[in-house]
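Data first, discussion second: the structure below is written as structure tokens.
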Amino acid sequence: MPAPQAGRRTWTDQAVRRIEADFNRSADTHLIPIELPHYPGIELYFKDESSHPTGSLKHRLARSLFLYGLCNGWIGPDMPIVEASSGSTAVSEAYFARMLRLRFIAVVPRSTAAEKIAAIEFQGGQCHFTDDPGAVYREAERLAREVGGHYMDQFKYAERATDWRGNNNIAESIFYQLRQERHTVPRWIVCGAGTGGTSATLGRFVRYNHYATEICVGDPEGSVFHRYFADRRTLTLERCECLIEGIGRPRVEPSFIPEAVDRMIVVRDADSIAAARVLSERLGRRCGGSTGTNLWACAQLITEMAAQGESGSVVSILCDQGERYASTYFNDEWVASKALDLAPAMRAMHEFFAGLGLRVP
Ligand SMILES: *Cc1c(COP(=O)(O)O)cnc(C)c1O
């Protein structure tokens, strides 16, 4: 007897089709070469994830989380979707929830910037506020139960919702786009860690495909991830003073798989912000802070490669657009208010591009 489940399966079929059709209408993101005329034999590329419809690499994650929830039978018709995120994940999930005509509620700290709330609401989402920023996870879980919804839980599911063997994950797309380059297999791929999902996907993909590429994670000084990488006993920090949005966490998130990462480079916030500014000058448009963290780590690796006479390529990720940070990373008063001095790091970055290598100030 075709029970009520049958209607639900029809709805699920249509929901999966909608997401796939949206994907089919979309183009892949660009792999942008960054000229390094002073480092012969070394190429640098940035995979431009800011060009997704919702402006960041979280677009891929949100699509994967929705497909995972739908195919698990966890997401059904008229079911509100709840997430603990005040950032890019909420914006991207709101986009997919609207596509499926589902209500989307982001649980955010009351201190969340007005621009971010506006971005979530622009995509059709709602915000639910908590006074204690540390309580967003618990509150999201509780709220999902109360409204009969589904708690997406990006930090738990990011690594497993992405199909790491292929199916157009970011790793497969990068290697596909490198096919006609001088080096078709990069020496390094550099990314950050927020959920840890991107580094897990990249690390698994290169092992599965027998590529010699190593994965390097650039991590803010205040983050727990690099401490955990060095010593598995460090799982949480009292707090994470990190200013770089999207990366750096006070607790080791379940989606961070340290064994899939070959190396971590610690990057100070001032170095990340200076690098984001210098890269923005070179691209002619602004990129976000975590992209700066990535560039700083790339510059360190390229400096080492050049010193050892190695040739090869380094690929990293342009995670999101800098327009989101006009009042922070690109605002000198904000930088001064955080007691940061960008001048030494700006100089170091300009010297790097001039061929002198990265000399950490
Ligand atoms: C989430 C995020 C990252 C880190 O990616 P994960 O896959 O979550 O580790 C980097 N930069 C930005 C802007 C992000 O939003």
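Along the sequence shown, the residues carry numbers beginning at 1. Note that ligands are numbered from 1 as they come in the structure, with each ligand's atoms numbered from 1 the same way.
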Task: Geometric class of the Trp74/His150 ring pair [parallel <30°, tilted 30-60°, perpendicular >60°] - done: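 Tilted.
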Open item on the list: For Phe66 and Phe96, take the angle between the two ring planes, folded into 0 to 90°, and tell me which bin it lands in: parallel under 30, tilted 30 to 60, perpendicular over 60.
Closed with: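 Taking Phe96 first and then Phe66, their aromatic rings sit tilted (interplane angle of 30° to 60°).
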Open item on the list: What does the 4.0 Å heavy-atom contact list look like for ligand 1?
Closed with: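 The answer is Leu57, Lys58, Ser88, Gly192, Ala193, Gly194, Thr195, Gly196, Gly197, Thr198, Glu245, Gly246, Ile247, Ser290, Cys319, Asp320, counting any residue whose heavy atom sits under 4.0 Å from ligand 1.
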Task: Fellow cluster residues of Phe225, listed by chain then number, with links counted only when side-chain atoms sit under 4.5 Å apart - done: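 Cluster partners of Phe225: Val217, Val224, Tyr228, Phe229, Leu235, Leu237, Val252, Phe256, Val261, Met264.
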Just list the side-chain donor-acceptor pairs under 3.5 Å for residues 306-317, sequence neighbours left out, or say none.
unit_1 : atom_1 : unit_2 : atom_2 : d
Glu310 : OE1    : Arg187 : NE     : 3.0
Ser316 : OG     : Val190 : O      : 2.8

Got a list of side-chain donor-acceptor pairs under 3.5 Å for residues 156-166, not counting sequence neighbours?
unit_1 : atom_1 : unit_2 : atom_2 : d
Glu159 : OE1    : Arg204 : NH1    : 3.3
Glu159 : OE1    : Arg204 : NH2    : 2.6
Thr162 : OG1    : Ala158 : O      : 3.4

Task: Any side-chain donor near an acceptor of the partner, Gln177 and Lys47, under 3.5 Å - done: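 Yes, Lys47 and Gln177 have a side-chain donor paired with an acceptor closer than 3.5 Å.
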